[in-house]
Amino acid sequence: MSQYVLLNSLTLASVYLWLWWHRHIFEDIFTEARGLALQANEGKTVVYSVRNFDWVPLGVPRRKRPLASVVLDEGVKENIVNDARDFLARRQWYVDRGIPYRRGYLLYGPPGSGKSSFIQALAGELDYSVAMINLSEIGVTDDKLAFLLTKLPERSIVLLEDADSAFVNRKRRDADGYSGGTVTFSGLLNALDGLSAGEERIAFLTTNHIELLDPALIRPGRVDMMVRIGEATRYQAAQMWDRFYGDVDQDGVNRERFLVRLDELGLFREAIEGVAPVRTSTAAIQGLFLFNKNDMEGAINMAEGLIPQKLEPEP
Ligand SMILES: Nc1ncnc2c1ncn2[C@@H]1O[C@H](COP(=O)(O)OP(=O)(O)OP(=O)(O)O)[C@@H](O)[C@H]1O
């Protein structure tokens, strides 16, 4: 029996010795696995969403969206991209002054104007992932938000969608003491600058309802830059045309016809007192061009469809 125990101990000792001797193999395996994972995600943007109390990749990593594919009004994209780049280059500046290394952006405007698309493209450009939370979702409570922000995936931009819902919830909570299992105003502020906020972070908040937000949000570190991403402008319509038909409309004659048609429809006219201006979204223009792939004439003829129609009530 004792011989058996001795043999077992010797075997165990030699296994440990072998493992210790070859410990670099495991380091190599981990390094290689990490390298392979990085390689697999090269040229891709990982988008994380929340499942229970964790960040999980949403589907497979997407091919990086080129910044050029998001058409914002003149200079808007460049301003934000330059600001983010400048922030990333100034880490030491923040450290030296003991300032939390954080930057916050608020993008607001109507649906379908390219806010989310731009954030995804920016993440790709900076080689970051996107960690996305929809604040209007039931179940995303203050505690959960705070917890999730303590464990953001490495090199990720945090995207807080529907920021206005935190303010709507505050009103609801003030009225009946119940927040309905969603994030409150103080929960959002804590997430942005409380202990859970972490030392290092780029956050984007988006909303369709700027009028519901509280000015307390606009403080350095919480929101440093506010940008309206609005309805399509003439400049954007022209740029989008070129992206879709530029190779077949090299002299731009049809682009001009398209823009004149939009002018006739009153799309870019200034608001006149008492009359709401007619506007359309960049998403709608993209839809029109997708429907008329390789068919410029079709796109011009169907331009009227860009004007939002009022839904008639059912009889
Ligand atoms: N400015 C734009 N440039 C390029 N594509 C756009 C633009 N705006 C909208 N799109 C297209 O329309 C669709 C919706 O856009 P996106 O989700 O980015 O809009 P959003 O402003 O974030 O909307 P929401 O406020 O409803 O979240 C996407 O397919 C996107 O490619």
Side-chain angles (χ1 to χ4, degrees), residues 44-45 47-50 58-59 62-81 84 104-126 128-137 140 157-168 183 202-213 217 223 225-246 255 258-259 262 267-268 279-293 299 302-303 305-308:
K44 311 234 171 102
T45 306
V47 177
Y48 293 90
S49 70
V50 176
L58 186 67
R62 304 157 194 207
R63 203 133 36 95
K64 277 184 182 174
R65 179 164 183 157
L67 262 177
S69 76
V70 187
V71 180
L72 303 187
D73 208 5
E74 209 167 352
V76 170
K77 203 164 48 174
E78 293 72 14
N79 266 348
I80 308 176
V81 174
Y105 301 87
L106 170 68
L107 304 188
Y108 65 98
S113 51
K115 298 180 290 299
S116 312
S117 306
F118 169 68
I119 295 163
Q120 202 191 317
L122 175 71
E125 177 76 14
L126 301 174
Y128 269 56
S129 309
V130 178
M132 184 173 82
I133 313 182
N134 191 322
L135 296 182
S136 63
E137 225 168 79
V140 178
I157 288 177
V158 58
L159 166 57
L160 304 171
E161 289 191 305
D162 288 352
D164 50 281
S165 55
F167 297 87
V168 175
V183 168
I202 299 182
F204 271 84
L205 284 88
T206 62
T207 181
N208 299 138
H209 300 287
I210 184 77
E211 70 285 358
L212 297 178
L213 302 194
L217 197 61
V223 167
M225 198 171 177
M226 266 174 79
V227 183
R228 180 167 196 275
I229 311 286
E231 294 86 355
T233 62
R234 206 170 192 275
Y235 171 85
Q236 284 169 292
Q239 294 273 313
M240 291 178 85
W241 178 277
D242 286 346
R243 283 198 59 78
F244 275 82
Y245 306 113
R255 178 188 60 219
F258 176 66
L259 293 175
L262 299 189
L267 265 176
F268 309 117
R279 297 284 183 254
T280 196
S281 66
T282 37
I285 296 183
Q286 178 180 282
L288 173 72
F289 292 167
L290 280 175
F291 191 80
N292 292 285
K293 279 192 217 97
M302 291 174 69
L306 291 173
I307 312 271

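Counting convention: from 1, in listed order, for ligands and their atoms alike. Residue numbers start at 1 and run along the sequence shown.
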Between T206 and ligand 1, find which residue part has any heavy-atom pair under 4.0 Å and reply side chain, backbone, both or neither.
-> neither
Go through ligand 1 atom by atom and flag the ones less than 4.0 Å from a non-hydrogen atom of S117.
-> 15 (O), 16 (P), 18 (O), 28 (C), 30 (C), 31 (O)
Any side-chain heavy atom of I119 sitting closer than 4.5 Å to one from M132?
-> no
Evaluate the side chain to side chain contact (heavy atoms under 4.5 Å, CB included) criterion for residues V130 and Y128: first the C-alpha distance (whole Å), next the side-chain angles of each, then the deciding distance (0.1 Å), finally the verdict.
-> CA-CA 7 Å; V130 178; Y128 269 56; over 6 Å; no
Side-chain heavy atoms of L159 within contact of V47, under 4.5 Å | no
Does the side chain to side chain contact (heavy atoms under 4.5 Å, CB included) test come out yes or no for F118 and V81, once each step is laid out?
-> CA-CA 10 Å; F118 169 68; V81 174; 4.2 Å; yes
Which of the atoms of ligand 1 are close to L72, meaning less than 4.0 Å from one of its heavy atoms?
-> 1 (N)
T282: numbered ligand 1 atoms lying under 4.0 Å from its heavy atoms | 1 (N), 2 (C), 7 (C), 8 (N), 9 (C)
Which residue and heavy atom of the protein sit nearest atom 21 (O) of ligand 1, plus the separation = K115 NZ, 2.8 Å
Considering all heavy atoms of both residues, which atom of T282 and which atom of V71 are nearest to each other, and what is their separation?
-> CG2-O, 4.3 Å
List every atom of ligand 1 that sits less than 4.0 Å from any heavy atom of S69, numbering the atoms from 1 in the order shown and giving each element.
-> 3 (N), 4 (C)
If we only count heavy atoms from C-beta on, is the D164 to L213 side-chain gap below 4.5 Å?
-> yes
Heavy atom of the protein closest to atom 1 (N) of ligand 1 (residue, atom name, distance) = V71 O, 2.8 Å
Among all protein heavy atoms, pick out the one at the shortest distance from atom 12 (O) of ligand 1; state its residue, atom name and that distance to 0.1 Å.
-> A283 CB, 3.3 Å
Answer with yes or no whether R65 contacts ligand 1, where contact means a heavy atom under 4.0 Å from a ligand atom.
-> yes
Which bit of S281 is near ligand 1, meaning a heavy atom under 4.0 Å away: side chain, backbone, both or neither?
-> neither
Atom of A121, atom of P66 and distance for their closest heavy-atom approach | CB-O, 4.1 Å
List every atom of ligand 1 that sits less than 4.0 Å from any heavy atom of P111, numbering the atoms from 1 in the order shown and giving each element.
-> 23 (O), 24 (P), 25 (O), 26 (O)
Under 4.0 angstrom from ligand 1, any heavy atom of A232?
-> no
Those atoms of ligand 1 less than 4.0 Å from some heavy atom in V70 = 3 (N), 4 (C)
Proximal atoms of ligand 1 relative to N208 (non-hydrogen, under 4.0 Å) = 25 (O)
Using heavy atoms and a threshold below 4.0 Å, how should the contact between Q286 and ligand 1 be classified: side chain, backbone, both, or neither?
-> side chain
Here the gap from L107 atom CG to I210 atom CD1, rounded to the nearest 0.5 Å, amounts to 10.0 Å
Aromatic ring centroids of F258 and F289 under 6.0 Å?
-> yes
Looking only at heavy atoms, the pair that brings R234 and F268 closest together is N-CE2, 3.4 Å
Could you check atom 27 (O) of ligand 1 against the protein and tell me its nearest heavy-atom contact, residue, atom and distance included?
-> S116 OG, 3.8 Å
Kindly indicate, with the supporting measurements, whether the criterion side chain to side chain contact (heavy atoms under 4.5 Å, CB included) is fulfilled by L212 and T207.
-> CA-CA 9 Å; L212 297 178; T207 181; over 6 Å; no
Which residue and heavy atom of the protein sit nearest atom 23 (O) of ligand 1, plus the separation = G112 N, 3.0 Å
Heavy-atom nearest option to atom 19 (O) of ligand 1, drawn from A284, P110, G114 | G114
